[in-house]
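Notes follow once the structure below has been shown.
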Amino acid sequence: MADPNYPLPRFHFRVTFDSTVINCSEVTGLNTELDVIEYRDGASVEFSTQKMSGLRKAGDIVIKKGVFQSDQEYWDWYNSVEMNTPMRKTVTIELLDETHSPIMTWALTNAWPKKVENPDLKSDASEVAVETITIVHEGLSLA
């Protein structure tokens, strides 16, 4: 159980879609924002605009993961996307405690993979091969 007097560490997390767990090293882009609409009534005595909230915008989620042999499920999802008919799924990102229980959960609605970047290959490097998956979605909620 996490101690409520300390902030949560960000290094223990899990990403899933359907029943597939994406074993990844990094997730970025967990953000959402509102458009700002500026308006001024022509008869207003104030010579400035009012700021009102507009539509929500969701940023792209970027997942970096190591390359594993026979790890093709997200590739199958990516390859299923055709012109204007992506297979939309719910993607769940969970921040975990020491017992591997979720402490915070973010859910991406109507998500689908937009881009896959394969790892750079270099003969004199000793790093792990890491690929990048960019996922677009229509909403981020804290579950």
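These numbers come from a predicted model, not from an experiment.
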For residues 134-143, tabulate all N or O donor-acceptor pairs below 3.5 Å that involve a side-chain atom, not counting sequence neighbours.
{"residue": "His137", "atom": "ND1", "partner": "Gly139", "partner atom": "N", "Å": "3.3"}
{"residue": "His137", "atom": "ND1", "partner": "Gly139", "partner atom": "O", "Å": "3.2"}
{"residue": "His137", "atom": "NE2", "partner": "Gly59", "partner atom": "O", "Å": "2.9"}
{"residue": "Glu138", "atom": "OE1", "partner": "Asn110", "partner atom": "ND2", "Å": "2.8"}
{"residue": "Glu138", "atom": "OE2", "partner": "Arg88", "partner atom": "NH1", "Å": "2.6"}

Using distance only, find each side-chain donor-acceptor pair of residues 12-24 under 3.5 Å and give its atom names and separation, not counting sequence neighbours.
{"residue": "His12", "atom": "NE2", "partner": "Asp97", "partner atom": "O", "Å": "3.3"}
{"residue": "His12", "atom": "NE2", "partner": "His100", "partner atom": "ND1", "Å": "2.9"}
{"residue": "Arg14", "atom": "NE", "partner": "Glu94", "partner atom": "OE1", "Å": "2.7"}
{"residue": "Arg14", "atom": "NH2", "partner": "Glu94", "partner atom": "OE1", "Å": "3.0"}
{"residue": "Asp18", "atom": "OD2", "partner": "Lys89", "partner atom": "NZ", "Å": "2.7"}
{"residue": "Thr20", "atom": "OG1", "partner": "Glu73", "partner atom": "OE1", "Å": "2.5"}

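Smallest separation of non-hydrogen atoms from Phe68 and Gly66: CD1-O, 3.2 Å. Scanning both residues, Pro113 and Val81, for their nearest heavy atoms gives O-CG2, 4.2 Å. Residues Val67 and Pro119 share a closest heavy-atom pair of CG2-CG, 3.9 Å.
Applying the side chain to side chain donor-acceptor pair (under 3.5 Å) definition to pairs two or more places apart or across chains, none involves residues 120-130. Listed by first and then second residue, the side chain to side chain donor-acceptor pair (under 3.5 Å) pairs that reach into residues 74-86 are Tyr74-Glu131, sequence neighbours excluded. Pairs engaging residues 42-54 under the salt bridge (charged side-chain N to carboxylate O under 4.0 Å, His left out) rule: Glu38-Lys51 [sequence neighbours left out].
Remark: Lys114 pairs with Asp60 by the side-chain hydrogen bond (donor to acceptor under 3.5 Å, both in side chains) rule, at least two apart or across chains. By the side chain to side chain contact (heavy atoms under 4.5 Å, CB included) test, Leu34 is found to be paired with Ser53, Arg56, residues two or more places apart in sequence or in another chain being considered. Partners of Glu117 under the side chain to side chain contact (heavy atoms under 4.5 Å, CB included) rule, at least two apart in sequence or in another chain, are Lys115, Thr132. Residues passing the side chain to side chain contact (heavy atoms under 4.5 Å, CB included) test with Ala43, sequence neighbours excluded: Asp41.
Taking CG from Leu108 and OG1 from Thr90, the interatomic distance works out to 8.5 Å, rounded to the nearest 0.5 Å.
Ile103 places none of its side-chain heavy atoms less than 4.5 Å from the side chain of Leu96. Between Lys57 and Leu55 there is no side-chain heavy-atom pair separated by less than 4.5 Å.
Other members of a hydrophobic cluster containing Val62 are absent, since no ILVMFWY side chain comes under 4.5 Å of it, directly or through relayed contacts. Under a 4.5 Å side-chain heavy-atom cut-off, the cluster of Ile, Leu, Val, Met, Phe, Trp and Tyr residues that includes Val130 is completed by Val128. Through direct or relayed side-chain contacts under 4.5 Å between Ile, Leu, Val, Met, Phe, Trp and Tyr, Met52 connects to Ile37, Tyr39.
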